[in-house]
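Each chain gets a letter, A, B and so on, in the order its sequence line appears, and its residues count up from 1. The structure presented is a predicted model; accordingly, all values stated were derived computationally and were not measured.
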Amino acid sequence: MDLQTWISDKLYDILGMSEKHTVFYIEEISKKAKSPEEILEKLTDYEFPNDQKTLCFAEDLFAKLSPKETIISSYQASHQEAIEKRQRNEAYELVENEIDPETDKRERDELHDRIKKRVRSKKDKKQKHLEMTEEERRETVQQMKRLSRWKYLEQREPRQIDLFKRQLEDEERIFKDQELTEREIKEHELNKKIFEIALEKAKKHEEVMSYRLPDAYDEDKANPQQRFKVLYDRYVEAKPEATEQELWEQKQTNRAIFRYGAKDRAQQKNYELLLENQVNFVKENLKKIKSESSGSESDRQIEEEGPPIQKERKGLPIFEYRDELLAAIRDHNVLIVVGETGSGKTTQIPQYLHEVGYTKYGKIACTQPRRVAAMSVAARVSYELGVKLGHEVGYSIRFEDKTSEKTIIKYLTDGMLLREFMVDPELNSYSVVMIDEAHERTLHTDILFGLIKDLARARSNLKVLISSATMDVEKMSSYFDDAPVFVIPGRRFEVENYYTKAPEADYLEAAVITTLQIHVSQPPGDVLVFLTGQDEIEQAQEMLLTRTRGLGTKIGEMIILPIYATLPSDMQARIFEPTPEGARKVVLATNIAETSLTIDGIIYVIDCGLCKQSSYNPRTGMESLIVTPISKASARQRAGRAGRVAPGKCFRLYTLWSYEHELEENPIPEIQRTNLGNVVLILKSLGIENLVKFDFMDPPASETLIRALEELYALAALNDEGELTKLGRRMAEFPIDPMMSKCIMQAHKYGCVNEVITICSMLSVGNSIFYRPKDRALHADNIRMGFARPGGDHLTLLNVYNQWEESDGSSNWCKEMFIQYRSIQKASDIREQLLELCERVEVEVNEDPCSDCNLIIKSFCSGYFFNTARLHATGLYKTVKNQHSVHVHPSSVLFKDLPRWVIYHELVLTTKEFMRQIIEVNPQWLLELAPHYFKAEDLEDDSFKKLPKNRHK
DNA sequence: GAGCACTGC
C-alpha cells in the first residue's frame with residue numbers, strides 16, 4: 001500500500017472524509033516534523049480531534065516517514081541513556097544503597113554509641129530491658145534492627161563485588177578464544193564498566209559509611225508518617241473515578257498500543273530493538289498525557305485544602321440523616337444502625353455525637369473487628385477534625401495504645417473493649433459505645449453483645465449503637481429488647497451476578513477458564529478470584545501461566561497476583577500497585593479479600609462458593625479445618641467486591657438453584673465453632689456465675705462451655721463451687737489460652753518463667769514460624785532439624801527464638817534459616833506483653849537462663865496434662881483421656897524417634913488426626929502435677945516393655 | 001512422611 005492511500009484511508013477512518021489536497025498536506029507536514037507530537041499538533045490545527053486515535057495516527061505516520069537514520073540515531077541516543085541508567089542501577093544494586101554522606105554517618109555513630117551504652121552485657125541488657133519505658137524499648141529494638149541490617153550490608157558488599165569480579169574473569173577466560181557477536185562483546189564491556197563503578201562506589205563507602213534504608217510497607221514503627229500515609233490512603237473511600245467514557249478510552253488506548261506492536265512485527269528482524277523502543281515510546285507518551293491531567297487535578301485539590309474536608313463529609317450518604325439520627329439516639333438508649341459500606345457511618349457518627357456534646361459526659365468508643373481498621377479510621381477522623389492522632393481522636397489495639405487523657409473519640413478492637421470491661425465493668429468513662437461491623441459476629445463482638453445489653457439496662461446514661469451492614473436485623477433488634485432500627489442507604493455500584501448452568505465438577509478448572517474468558521472477551525477491569533487456600537492459589541497460578549504462555553501477545557498482558565495471609569508482606573503489597581496500561585490484574589485470593597483488605601479497580605469477581613472453615617469438637621478437643629460452602633451473606637459480600645469503583649460482574653461457579661436452596665443464610669458465628677477456654681475465664685472474672693444462662697445472641701454448644709469449665713476446674717482456676725480462685729484471677733490477666741497461662745504460673749514456682757514465656761509466645765503465633773517453600777522443602781527441613789532439641793518441639797522453638805535474639809532480631813538471619821520474620825517478630829511482641837503482665841500479677845521473671853530443661857517441661861505438664869498421649873503396642877498413640885488414636889505430626893522433631901509418653905499442644909484434623917507440637921514427658925511428673933486427674937494405673941507402662949525395639953516404625 | 005481460611009487479646 002502506498003503512503004498516500006494509507007493516509008487517505010486513515011483520514012476517512014478518523015474524519016469520515018478524504019480529500020486529495022489534505023492527503024498531500026499531511027504528507028508534507030509530517031516529512032518536516034521531528035516528532036510525533038509535532039505532527040499531532042499540526043493535525044489538530046487541521047481540525048483533527050485531539051484524541052487517542054489521532055495520536056496513534058501521528059505516531060504511525062512519523063514511523064513511516066522519518067528517514068531510518070533519524071530513528072536509529074534517536075534510538076541510539078535513548079539506548080545510550082538506557083545503558084547508563086542500567087549501569088547506575090546495577091552499581092547501586094551491587095553496593096545496595098545510595099550514599100547520603102555526613103548526616104547518615106553522624107546518625108550512625110550516634111546510634112552505635114547509644115546502643116552500646118544500653119547493651120553492655122547480656123545480663124545488663126535484660127535488666128535494662130525491664131527498666132526501660134515502653135517507648136524506649138521500642139526505640140531500642142528498632143535501632144538494633146537497623147544496626148543489624150547495616151552490619152549485614154557491610155559484610156555483603158565485598159562479597160557481592162568479589163562474586164561479580166570472578167564472574168567477569170570467568171567470562172574472559174572461557175570466551176577468550178571464541179568469536180563473539182557484537183552484542184556479546186558489548187554486554188561484556190558493559191559488565192566491566194558496572195564493576196568499575198561499583199568498585200568506585202565501594203571506595204567512597206569506606207570513606208563515608210552510610211546507607212539509606214528502604215521505606216517499609218508495614219510494621220514499621222520507626223516511621224509512623226509513612227505508615228499512616230499508607231493507612232490513610234487506603235481508607236479514603238474510592239470514588240467512581242472511572243466513568244464509562246474513561247473505561248472506553250482506556251480500552252481504545254490498549255488496542256492502539258497493541259495494534260501498533262502487532263503491525264510492525266513484519267519488520268522485526270531488522271529493527272528488533274527499534275520496535276521495543278517505539279512501543280515504549282507510545283506508552284510513555286500516553287503516561288505523560290495522563291499524568292498531566294491528573295497533576296492539574298491534584299493541584300486543584302491542594303488549592304482548596306481546608307473546606308473540601310467538610311464538603312466531602314457533607315457528600316456522604318449519612319449526612320442527610322444526621323438530625324434524624326441524632327434525634328433517634330437522643331430518644332433511645334440502644335439503637336441499631338444499618339448502613340452498607342460507603343455510607344460513612346464509622347467515621348461520621350462519632351463526630352456527630354461529639355458535635356452535639358455527648359463527649360462532655362464521657363468518651364465515645366467505637367469498636368472494630370480488625371486492628372488495621374481501628375488505626376486507619378482513627379487516622380481519617382483525626383484528619384477530618386484537624387487534630388493530631390492520639391490526642392482528641394485515638395485508637396487502642398494490642399501492643400499499641402495511641403490515646404491520651406485528651407482523647408474523646410476512641411477507636412479500638414473489640415477484644416480491647418472486652419479487656420477494658422475487666423478493669424471497669426461499668427465502662428464509666430464512656431458515654432457512648434458503638435459496636436461497629438456487628439454483622440461479622442466475631443467471638444469478641446458476640447460476648448460484648450451480652451455484656452453491653454446488660455450494661456445498657458443498668459446504666460441509663462449510656463448510649464449504645466450497634467452498627468451492622470446486614471439488612472436482616474430483626475434478630476438483632478429483638479435481642480436488644482426490640483431496639484429501633486435506623487437504616488442508612490449505602491453507596492455502591494450494581495453488580496450483575498452470573499451462575500453456572502450446571503454444577504461444576506472441578507471448580508478450580510472452571511475458575512481458570514472463566515478468568516481466561518473474561519480476559520479475552522470483557523472490557524478492561526481487574527479480576528478477583530476467590531479460592532479456598534494457598535495450595536489452590538498456587539495451582540491456579542500455575543494453570544493460568546501455562547495456558548497463556550502459548551498465546552504470546554495475541555492476548556493482552558495478564559498480571560497474576562496471589563494473596564493470602566501467610567504470604568510475605570512485600571509480596572502482599574504488590575496487589576496494591578496500580579495495573580499498568582493495557583494489562584489486566586488477576587488477583588487470586590483467599591477469604592482475606594472478603595473483609596480484611598480491599599483492592600481498588602476490581603470489576604470482575606469469580607466466586608468458587610467455598611471456603612475453609614475451622615470448627616472445634618469439644619468432646620475430643622480437636623480442631624479441624626474443612627472446606628465448606630459459604631453462606632449467602634458471604635456470597636453477597638464477595639460479589640460486592642466488584643462494585644466498589646464501577647458497575648461490576650460476579651461469576652459464581654455454582655448454580656442459581658444451589659445459591660437459593662443449598663447455602664445457609666448466614667455463616668455460623670465464631671462463638672459456636674471455637675474453644676472457649678479463655679472466654680469463659682474472662683466472663684468468670686467479670687463475675688458472671690452461671691455461664692449457661694448468659695445471654696448469648698447465639699449460644700455456643702453446652703458441651704463446649706462445660707468442657708471449658710471442666711478444664712478450668714482441673715487447672716485449679718475454679719474451685720468446687722465454680723468460683724474463680726486466686727490463681728484463676730491471675731491467669732485471666734493473660735490474653736492466652738488458660739492452659740498456657742497455667743504453665744506460666746507453674747513456671748513461677750520453678751523459676752523458669754522467662755523460658756516458658758518465650759515458648760508460649762512462639763506457640764501463640766501458630767505454626768507459621770517455619771517457612772517451607774515447595775521448591776526448597778528439603779533444604780528448609782534440614783535447617784529446621786538443625787534447631788532440634790531432644791526434649792521436643794517446645795524446646796526447639798525456644799532454641800529458635802534464642803538464636804534469633806542472638807542475631808539481634810535480624811531479618812536476614814530469618815531468611816537464611818527459613819524462619820518467617822513476621823511471625824517471630826510477632827512472637828517477640830507477645831513476649832514483651834506477657835513479661836509486662838507478669839509484673840502486674842507479681843510473677844517473678846528469672847534473669848539467668850534456667851539450666852534444667854526438665855523444669856520447663858514440667859511447667860508445661862501442669863498446664864497440658866489433659867493432652868497426654870501414650871504410644872501403644874500397636875505403634876499408635878492413644879490419648880490417655882478417651883483412648884482416641886492420634887498421630888505425631890511429621891513436622892515434629894520427635895517424628896523419627898517416638899517417645900512413649902508425650903503431651904501435645906494441640907490436636908488437628910487434616911488428613912489424619914495429628915498432634916502438633918509435642919514434648920516427651922515422664923509419667924511420674926504427671927502424677928505429681930495432676931494427682932486429681934490421673935490415677936497411678938492410668939500411667940502404668942506394662943504393655944510396652946514386651947515390645948521389640950522399633951516395632952512402631 | 002505432611003499441609004497452614006481469617007481474625008483478635
Side-chain angles (χ1 to χ4, degrees), chain A residues 367-374 396-401 412-422 437 440-448 530-538 563-567 589-597 608 610-615 623-628 630 634 637 667 669-671 673-674 677-679 681-682 732-738 740-741 761 764-774 777-778 780-781 784 820 823 826 829-830 833-834 837 887-892 895-896 898 906 908-917 953:
Chain A
T367 72
Q368 295 292 320
R370 274 169 296 279
R371 296 159 52 95
V372 212
S396 170
I397 56 180
R398 190 187 190 182
F399 310 132
E400 206 179 347
D401 184 3
L412 68 178
T413 43
D414 44 15
M416 254 347 230
L417 188 62
L418 197 55
R419 286 275 152 189
E420 287 196 9
F421 257 102
M422 289 174 68
E437 314 287 349
E440 285 194 30
R441 304 289 309 276
T442 68
L443 177 61
H444 292 150
T445 306
D446 267 21
I447 298 158
L448 283 177
F530 280 103
L531 296 170
T532 62
Q534 179 182 350
D535 209 39
E536 263 178 34
I537 287 174
E538 279 165 2
I563 177 96
Y564 44 85
T566 50
L567 193 73
T590 58
N591 259 2
I592 193 170
E594 198 176 299
T595 49
S596 307
L597 52 89
C608 70
L610 300 164
C611 72
K612 276 191 187 165
Q613 200 172 46
S614 82
S615 57
E623 277 180 20
S624 48
L625 198 60
I626 292 165
V627 176
T628 2
I630 57 172
S634 297
Q637 172 73 18
E670 193 184 354
I671 199 165
R673 302 185 276 114
T674 181
N678 193 27
V679 165
L681 193 58
I682 289 176
E733 290 287 326
F734 292 94
I736 45 175
D737 198 85
M740 234 189 243
S741 41
S761 313
S764 299
V765 295
N767 53 344
S768 56
I769 293 285
F770 295 102
Y771 176 54
R772 194 170 181 272
K774 260 188 198 146
L778 230 74
D781 285 349
R784 195 183 56 208
Q820 301 229 33
S823 304
K826 194 176 165 198
D829 284 342
I830 295 174
Q833 191 192 23
L834 294 181
L837 287 168
H887 305 261
V888 174
H889 197 277
S891 66
S892 169
F895 184 72
K896 289 200 173 128
L898 302 175
E906 60 182 353
V908 288
L909 173 68
T910 47
T911 48
K912 278 185 198 164
E913 287 143 324
F914 285 112
M915 300 181 282
R916 214 150 50 188
Q917 319 286 23
K953 279 187 181 167

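- Among the heavy atoms of the strands lying under 4.0 Å from A:Asp781 is at least one base atom, whether or not backbone atoms are also near.
- Defined by atom type and a distance below 3.5 Å, a donor-acceptor pair is missing between the side-chain atoms of A:His444 and A:Thr442.
- Residue contacts shown for A:Ser768 are absent, as no nucleic acid heavy atom lies under 4.0 Å away.
- In this structure, the side chains of A:Ser614 and A:Glu623 stay at 4.5 Å or more apart for every pair of heavy atoms.
- Between A:Thr413 and B:dT7 there is no side-chain N or O to OP1 or OP2 distance below 4.0 Å.
- The CG-P distance, from A:Leu412 to B:dC9, rounds to 9 Å in whole Å.
- Checking B:dC9, B:dT7, B:dG1 against every side-chain atom of A:His444, the shortest atom distance belongs to B:dC9.
- No hydrogens or angles were tested; on distance alone, nothing pairs the side chain of A:Ser891 with the base of B:dA2 as donor and acceptor under 3.5 Å.
- Between the CG atom of A:Asn591 and the P atom of B:dT7 there is a distance of 10 Å, rounded to whole Å.
- The residue A:Gln534 sits close to a base: some heavy atom pair falls under 4.0 Å.
- Within the 4.5 Å cutoff, side-chain heavy atoms of A:Gln368 are placed close to those of A:Glu437.
- Protein atom CE of A:Met915 is 15 Å distant from nucleotide atom P of B:dA2, rounded to whole Å.
- Of the residues near DNA chain B, A:Cys611 and A:Ile830, the one whose nearest nucleotide (by heavy atom distance) lies more toward the 5' end is A:Cys611.
- DNA chain B is contacted by both A:Arg398 and A:Phe770; A:Phe770 maps to the nucleotide lying nearer its 5′ end (nearest heavy atom per residue).
- We find that CZ of A:Arg441 is positioned 19 Å from P of B:dG8, with the value rounded to whole Å.
- The distance from atom CG of A:Asp737 to atom P of B:dT7 is 20 Å, rounded to the nearest whole Å.
- Out of B:dC4, B:dA2, B:dC9, the shortest distance to the side chain of A:Arg371 is found at B:dC9.
- Here B:dA5 is the nucleotide among B:dG1, B:dA5, B:dA2 with the atom lying nearest to any side-chain atom of A:Lys612.
- The interatomic distance linking A:Glu437 (CD) with B:dG8 (P) rounds to 13 Å, in whole Å.
- Side-chain contact of A:Glu536 with A:Thr532: a donor-acceptor pair under 3.5 Å is present, judged by distance alone.
- Between the CZ atom of A:Arg370 and the P atom of B:dC9 there is a distance of 12 Å, given to the nearest Å.
- The side-chain heavy atoms of A:Asp829 and A:Ser761, taken from C-beta on, include no pair separated by under 4.5 Å.
- Residue-level contact check: A:Ile592 touches the backbone only, with heavy atoms under 4.0 Å from sugar-phosphate atoms and none from bases.
- Candidate nucleotides B:dC9, B:dC6, B:dA5 were compared by shortest atom distance to the side chain of A:Ser614, and B:dA5 ranks first.
- Between B:dC6 and A:Thr590, a contact under 4.0 Å exists linking OP1 or OP2 to a side-chain N or O.
- Among B:dC9, B:dC4, B:dG1, the nucleotide with an atom closest to any side-chain atom of A:Ile397 is B:dC9.
- Using a 4.5 Å heavy-atom threshold, the side chains of A:Phe734 and A:Leu834 count as touching.
- When rounded to the nearest whole Å, the span between CD of A:Glu906 and P of B:dC4 equals 10 Å.
- Picking from B:dG1, B:dA5, B:dT7 the nucleotide with the shortest atom distance to the side chain of A:Arg673 gives B:dA5.
- Among the atoms of the strands shown, only primed sugar atoms or phosphate atoms (P, OP1, OP2) are found under 4.0 Å from some heavy atom of A:Tyr564.
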